[in-house]
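In this text the structure is predicted, and so the values were computed from the model without any measurement. Just so you know, ligand 1 is whichever comes first in the structure, and atom 1 is the first atom listed for that ligand.
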Amino acid sequence: MINHLFQALRRASLGRDDAPFLYDNRTGDTLTYGAFFENAAKMSGVLHDLGLTPGDRVAVQAPKTIAMLELYVGTIMVGGVFLPLNPAYTPAEVSYFLGDAKPLVFVCDPDDEATLTAIAKETEVAHLLTLGADETGTLTNARNVAPPALPVARSPDDLAAILYTSGTTGRSKGAMLSHGALTSNSDTLRKLWRFTENDVLIHALPIFHTHGLFVATNITLMAGGAAIFMPSFDANAIMDALPKATALMGVPTFYTRLLDQPDLAEQSRNMRLFVSGSAPLLTETHERWQRVTGHAILERYGMTETNMTTSNPYDGDRRAGTVGFPLPEVDVKVCDPETGATLKQGEIGVLEVRGPNVFSGYWNLPEKTAEELREDGFFITGDLARINADGYFQIVGRSKDLIISGGLNIYPKEIESAIDDLPGVLESAVIGVPHPDFGEGVVAVVVAEPDTQISPETIASNLGDMARFKQPKHIVIVDALPRNSMGKVQKNILRDTYANVLS
Ligand code: AMP
């Protein structure tokens with residue numbers, strides 16, 4: 001038997017060990033496929049020597065480095081389950097994840113070792129190793145071991161990774177991702193987005209998240225292409241890299257920030273593909289990008305639990321404000337939130353997804369899994385969506401962001417779109433906050449275009465065509481919306497900040 005995911009990641013580079021895989025933007029070094037897989041095998045040797053048996057978890061809270069990618073592949077090779085954690089998590093949060101996932105090994109930043117040693121002990125982690133931003137640490141020191149001769153056999157149903165969801169409401173849950181789900185999804189995207197060994201991807205996304213770890217990394221490996229590997233987003237570094245690259249995968253904030261760069265059009269001339277996802281791309285950003293660079297950004301939609309679910313077409317119209325069509329072999333439907341019945345085209349409901357891309361359930365939470373993963377295999381995403389007349393899917397927001405005011409449903413996206421269309425407005429976020437009469441009332445938080453003045457009164461007076469109950473009862477102008485590292489607007493923070501403005 002073979003190791004399902006490992007074989008898929010290695011297939012395209014077999015016999016091409018001298019081909020470049022990673023251009024390290026920090027050191028200027030080039031890492032070939034041969035060297036990468038040799039290092040990954042050494043990582044698997046370290047884990048094997050620590051007694052890792054198939055199914056054991058390897059948790060990692062470390063800065064983004066190539067060694068961390070080698071650890072990811074090494075974990076897969078030895079049959080382990082890779083569990084990356086956002087470096088922004090506090091020790092208390094890490095303690096929760098370790099206690100919940102019970103990893104055999106925890107790898108942390110050497111700078112955090114003093115704080116996290118006690119936590120690792122309390123949560124009964126057998127081995128604590130370190131891995132720093134410059135690739136030093138006990139993990140890389142230990143890697144001069146003989147790796148096991150062969151990758152451990154793993155079938156498509158075996159677990160490859162656990163990713164904790166961002167958990168903006170309630171406790172974060174560990175989404176269990178199988179070898180089969182990760183392999184099939186990246187292979188589908190590779191074909192759809194035409195990745196080949198000639199591609200050079202700018203890799204500036206974090207690798208604790210599905211976008212940077214699975215979409216960006218797995219696709220590059222499965223295509224046998226190369227990536228310019230950056231520790232984080234840096235507009236200047238990306239501008240320098242663009243002429244040497246063919247593709248960029250980013251969150252919407254990458255694109256808004258790059259639009260401020262004067263040489264963008266010139267530098268992008270050799271690029272073939274810009275992909276955006278993880279948060280909604282503003283229509284305005286899509287249109288400006290196309291005007292400036294001549295490229296239509298390809299927007300796709302997915303989530304930790306489902307990998308990628310829909311994508312705009314590679315050939316054909318990449319429609320701004322939409323996330324395109326369901327991927328091959330993936331069933332997507334828009335359902336009534338109460339009854340689960342499939343709704344008609346044009347109606348707004350909860351998106352449900354079924355296919356080889358969908359996760360295997362939440363770690364240690366069979367009841368939560370049963371609530372969200374139906375017996376017929378459909379996963380209830382919690383995203384509100386609508387299918388437009390041409391079959392393109394549009395994400396309208398999260399169902400938990402739905403505002404119910406005086407018993408009437410209000411979709412924040414509808415109001416945000418109306419506000420965003422007003423002259424002088426860059427973007428907005430609409431939230432529901434407690435209202436003494438109506439239960440909830442609408443509050444709009446608005447960011448003006450740079451160097452532009454706009455007042456709440458002007459905005460309010462321009463929304464007169466909207467039904468009264470939808471009109472914001474309070475409008476605030478702010479410099480920027482709070483966002484997490486994946487570019488998602490943190491509406492929970494806005495709801496806390498403006499909790500009392502209507503009471
Ligand atoms: P995560 O699990 O962190 O990847 O977050 C997934 C969530 O991000 C989805 O459930 C959506 O709410 C949101 N999301 C991802 N891609 C898009 C997109 N292209 N447009 C709108 N929302 C998106």
Between H209 and ligand 1, which part of the residue brings a heavy atom under 4.0 Å of the ligand: side chain, backbone, both or neither?
-> side chain

Proximity flag T165 to ligand 1, non-hydrogen atoms under 4.0 Å | no

Contacting atoms of ligand 1, where contact means under 4.0 angstrom from a heavy atom of R398 = 10 (O), 12 (O)

Atom indices of ligand 1, in the order listed, that fall short of 4.0 Å to a heavy atom of P280 | 20 (N), 21 (C), 22 (N)

Is it true that the NZ or CZ of K368 lies under 6.0 Å from the centre of Y362's six-membered ring and within 45 degrees of the ring axis?
-> no

Honestly, for H211 the part within reach of ligand 1 (heavy atoms, under 4.0 Å) is neither

Region of S276 engaging ligand 1 - heavy atom pairs below 4.0 Å = neither

Pick from L273, D199, I202: which one makes a side-chain contact (heavy atoms from CB on, under 4.5 Å) with T246?
-> D199

Is the distance between the ring centroids of Y89 and F97 less than 6.0 Å?
-> yes

Shortest heavy-atom approach to atom 13 (C) of ligand 1 - which of G382, A175, S485, S278 = S278

Name the orientation class of the two ring planes belonging to H203 and F229 (parallel below 30°, tilted from 30 to 60°, perpendicular beyond 60°).
-> tilted

How are the rings of H295 and F274 set to each other: parallel, tilted or perpendicular (split at 30° and 60°)?
-> perpendicular

Can the ring centroids of Y392 and F325 be said to lie less than 6.0 angstrom from one another?
-> yes

A student checking ligand 1 against T304 at a 4.0 Å heavy-atom cut-off should list atoms 1 (P), 2 (O), 3 (O), 4 (O)

Could you please spell out the steps behind the side chain to side chain donor-acceptor pair (under 3.5 Å) verdict for D158 and S155?
-> CA-CA 5 Å; D158 285 323; S155 74; 3.3 Å; yes

In ligand 1, the atoms that come under 4.0 Å of a heavy atom of V323 are 18 (C), 19 (N), 20 (N)

Which atoms of ligand 1 sit under 4.0 Å from any heavy atom of E299?
-> 18 (C), 19 (N), 20 (N)

Does R300 reach ligand 1, in the sense of a heavy atom lying below 4.0 Å from it?
-> yes

Pick from T309, D383, T322: the one approaching atom 11 (C) of ligand 1 most closely through a non-hydrogen atom = D383

Distance under 6.0 Å and angle within 45° of ring axis: R272 vs F195 = yes

